[in-house]
There are 2 protein chains.
Amino acid sequence: MRATIREVAREAGVSASTVSRALSTPDMVNATTRERVLRAAERLGYAPNRAARGLITGRTGNLGLIVPDLTNPFFPSVVKGVQAKAREADYAVFLADTDEDPAAEVGLVRALAKQVDGLILCSPRTREEEIRELTAHTTLVMVNRRFGTIPSVVFGNADGMRQAIAHLQALGHRRVAWVGGPRTSWSTRDRVRGLRAASSAAGMELFVAGHFPPYFEGGVAAADLIIASGVTSVIAYNDVMALGLLSRLRDRGVDVPQDISVIGIDDIQMSAMSSPALTTVSLAKDQAGRAAVDLLLTLLLQPDSVRNTRRELPTQLLVRGSTGVARTT
Amino acid sequence: MRATIREVAREAGVSASTVSRALSTPDMVNATTRERVLRAAERLGYAPNRAARGLITGRTGNLGLIVPDLTNPFFPSVVKGVQAKAREADYAVFLADTDEDPAAEVGLVRALAKQVDGLILCSPRTREEEIRELTAHTTLVMVNRRFGTIPSVVFGNADGMRQAIAHLQALGHRRVAWVGGPRTSWSTRDRVRGLRAASSAAGMELFVAGHFPPYFEGGVAAADLIIASGVTSVIAYNDVMALGLLSRLRDRGVDVPQDISVIGIDDIQMSAMSSPALTTVSLAKDQAGRAAVDLLLTLLLQPDSVRNTRRELPTQLLVRGSTGVARTT
DNA sequence: ATGAAAGCGCTAACAA
DNA sequence: TTGTTAGCGCTTTCAT
């Protein structure tokens with residue numbers, strides 16, 4: 001067992017409250033006393049029990065983070081960002097992976113809610129009514145999704161799509177296909193919305209191939225539709241799917257970028273390593289994590305600060321080998 | 001704010017102690033009273049405050065998990081396994097990513113130690129003295145590493161290497177190269193040890209190419225040495241490096257598996273999706289996570305149960321397209 | 001079987 | 001500036 005505040009108090013020859021103050025509100029205690037206390041604490045290897053502190057302050061110093069599937073390469077970066085920022089603020093983070101099982105989520109959050117000051121929900125497919133229920137339990141911040149008045153951090157999908165379309169257009173493409181992710185995902189809808197706007201503004205013809213699982217296999221499955229559609233370029237919901245696309249296109253003998261240009265979204269590590277390397281709309285995922293923590297902590301300090309309640313992170317097209325000049329049909 | 005035990009007590013017309021008993025030790029309370037209490041709790045949406053409970057029981061119901069780098073595809077699976085098993089046991093898990101910064105680790109663990117019942121350390125490169133210091137702070141279980149008497153979960157690297165060598169030998173290979181990971185990593189040493197044993201037992205000539213960063217670039221960097229060495233087969237420390245190898249070999253015009261057979265270790269998702277698909281020694285990472293939790297919980301209940309203090313998980317060679325019959329030199 | 005009371009480690013009034 | 005007191009929500013003696 002570790003030293004308690006009382007032991008430190010005795011060691012320093014002061015009362016427990018003085019120790020508490022010396023540690024939490026240093027300027028409310030005499031400099032020399034504080035020195036003595038700090039030294040005693042050091043000597044005993046004392047660190048306050050956060051649970052006990054939380055019991056009285058009502059704040060735990062903990063954060064909760066909920067993700068649907070950690071093996072999806074999008075999420076680890078977000079988690080890292082959250083981690084890093086939380087640690088800087090001396091917060092610890094509870095992580096829960098719902099395993100793509102939205103049903104588990106509510107129970108999970110209930111359990112977590114007691115132990116955290118706030119929750120970061122990074123879960124594009126949770127049903128809206130469930131989210132609403134969650135807000136009753138704790139302070140919530142959402143990543144990669146907007147819902148009602150809940151503070152959120154999202155990516156500038158519209159601008160990303162605009163960049164992608166501009167790039168394709170500059171390469172001479174006139175027809176582009178969209179390989180969508182899950183129908184229920186907020187970012188699928190946001191991205192296709194941005195894409196529609198961008199392509200119509202640019203006078204590009206858009207072929208929406210439909211919804212596919214957000215995995216490699218989803219991209220594989222979409223590839224044949226793409227080929228049949230006769231487009232010269234395609235944008236996929238995420239990089240993993242784009243890699244699936246690349247794989248199947250190669251198997252079909254369709255050369256990238258000679259015959260078809262391919263663009264992904266996300267900039268996962270693997271996208272730079274495929275051949276051809278994948279042109280992609282890069283998302284600052286760790287920044288999103290950091291921003292979410294930032295937002296949450298601000299919210300906890302001043303619950304009524306409505307400003308900055310949604311933060312939009314920039315996206316950046318990364319041009320690599322999978323896009324090239326349009327073939328002359 | 002959530003309902004407290006006292007409110008439930010009032011609602012049920014009993015004392016707080018009775019509520020506590022009805023929830024924690026149901027058979028110590030009259031069946032009908034218990035019914036009444038449970039109903040009241042349900043009605044109020046009551047859930048015990050774990051921090052308060054922990055304050056008195058000394059157990060938090062929380063687990064800590066420390067990983068060096070979540071963007072390394074090895075770790076998310078382990079984390080998922082830990083998560084799943086922990087949740088089954090009604091434990092919540094704190095996750096900390098040390099960002100490959102061993103120095104941060106000790107501080108992190110100190111902070112975490114107060115809030116958890118035990119810690120799972122999944123960090124192959126932490127210095128030994130630091131680990132020793134950590135054991136003073138909390139109950140520790142290690143994954144993918146052995147150290148002293150600390151309970152650990154590891155993979156059967158030796159058997160995995162044996163399988164890999166047997167496979168290559170059956171394909172007619174006589175010379176195999178090893179592309180090692182970080183010098184300081186326990187599993188690098190364990191794997192090369194297993195490989196030495198396996199190859200000498202099989203009468204295979206082993207060329208150790210040295211130590212490389214455990215990333216794609218590490219594999220890329222090693223490729224030219226491999227080509228120059230004249231081996232017909234190569235085993236890499238992990239799949240990510242093997243993919244780097246594949247990439248550079250292709251750039252050099254060396255055909256896989258025609259000219260060189262390549263084997264990875266880990267079976268990350270991407271390994272099945274490369275072309276050629278990567279033959280790899282599969283590690284049951286989520287099982288490792290589950291086993292670690294299992295071990296930890298057992299340890300917490302019966303601290304002196306030395307049996308099962310180290311668990312070794314089986315490995316399984318997955319033969320895919322990157323290995324083939326040895327070229328006739 | 002149940003209730004009253006004490007106390008886990010800490011902070012926040014309130015006094016001094 | 002410091003100490004005393006009370007109490008956060010819960011469990012656990014100890015009575016009854």
Side-chain angles (χ1 to χ4, degrees), chain A residues 1-38 40-41 44-62 90 92 110-117 137-138, chain B residues 1-38 40-41 44-62 90 92 110-111 113-117 137:
Chain A
M1 259 315 168
R2 285 290 272 286
T4 80
I5 200 173
R6 258 185 276 272
E7 306 183 63
V8 178
R10 180 146 34 84
E11 176 85 7
V14 297
S15 75
S17 352
T18 302
V19 176
S20 173
R21 280 189 280 254
L23 265 41
S24 308
T25 49
D27 33 290
M28 285 185 66
V29 57
N30 184 298
T32 67
T33 330
R34 180 180 40 207
E35 246 328 289
R36 196 145 35 92
V37 170
L38 260 33
L44 269 51
Y46 170 78
N49 181 324
R50 301 180 79 149
R53 174 184 286 177
L55 206 50
I56 181 157
T57 60
R59 299 177 66 260
T60 61
N62 296 149
D90 205 29
R110 280 249 186 100
L112 234 49
K114 313 286 281 217
Q115 310 197 67
V116 302
D117 296 336
H137 292 302
T138 186
Chain B
M1 260 312 172
R2 284 292 271 288
T4 80
I5 200 171
R6 258 184 277 273
E7 306 183 63
V8 178
R10 180 147 34 83
E11 177 84 7
V14 296
S15 77
S17 348
T18 303
V19 175
S20 173
R21 281 188 279 253
L23 265 40
S24 307
T25 49
D27 33 289
M28 285 184 66
V29 59
N30 184 295
T32 67
T33 327
R34 179 179 40 206
E35 245 330 288
R36 195 145 35 90
V37 170
L38 260 34
L44 270 51
Y46 171 78
N49 181 324
R50 302 180 78 149
R53 175 183 286 175
L55 205 51
I56 182 158
T57 60
R59 299 176 66 257
T60 61
N62 295 150
D90 204 31
R110 280 250 186 101
K114 313 286 281 217
Q115 313 197 65
V116 301
D117 296 335
H137 291 302

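Below, chains carry the letters A, B, ... as their sequence lines are ordered, and counting in each starts from 1.
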query: If you pin Ala51(A) and Arg34(B) to their nearest nucleotides in DNA chain C, which one's is more 5'?
result: Arg34(B)
- prompt: Between the side chain of Gln115(A) and the main-chain N/O of Leu112(A), is any donor-acceptor distance below 3.5 Å?
  reply: no
field: Set of residues satisfying side-chain hydrogen bond (donor to acceptor under 3.5 Å, both in side chains) with respect to Thr25(B), sequence neighbours excluded
entry: none
field: Results of side-chain hydrogen bond (donor to acceptor under 3.5 Å, both in side chains) for Arg10(A) - residues two or more places apart only
entry: none
Atom pair [atom1]/[atom2] of [X] and [Y] - distance to nearest 0.5 Å:
X         : Y        : atom1 : atom2 : answer
Thr4(B)   : Leu44(B) : OG1   : CG    : 9.0 Å
Arg50(A)  : Thr57(A) : CZ    : OG1   : 10.0 Å
Lys114(B) : Asn49(A) : NZ    : CG    : 6.0 Å

- request: Can you figure out which of dA1(C), dG3(C), dG9(C) approaches the side chain of Ser15(B) most closely?
  value: dG3(C)
query: Among dT2(D), dC10(C), dG3(D), which nucleotide sits nearest the side chain of Arg6(A)?
result: dC10(C)
Measure [atom1]/[X] against [atom2]/[N] and give the value in whole Å, please.
X         : N       : atom1 : atom2 : answer
Leu55(B)  : dC8(D)  : CG    : P     : 13 Å
Gln115(B) : dG9(C)  : CD    : C1'   : 14 Å
Arg36(B)  : dG3(C)  : CZ    : C1'   : 14 Å
Met28(B)  : dT11(D) : CE    : P     : 13 Å
Asn49(B)  : dT11(D) : CG    : P     : 9 Å
Arg10(A)  : dG3(D)  : CZ    : C1'   : 17 Å
Asn30(A)  : dT2(D)  : CG    : P     : 5 Å
Glu35(B)  : dA1(C)  : CD    : P     : 16 Å

message: Side chains of Thr18(A) and Ser15(A) only: does a donor on one sit below 3.5 Å from an acceptor on the other?
response: yes
message: Return a single string for nucleotides 11-16 of chain C, one symbol per nucleotide in 5' to 3' order, where B is base contact, S is sugar-phosphate-only contact and - is none, cutoff 4.0 angstrom on heavy atoms.
response: BBB---
- prompt: Can you find a side chain N or O atom of Thr33(B) that sits less than 4.0 Å from OP1 or OP2 on dT2(C)?
  reply: yes
- request: Have a look at Arg50(B) and say if it touches a base, only the backbone sugar-phosphate, or nothing, with a 4.0 Å heavy-atom cut-off.
  value: nothing
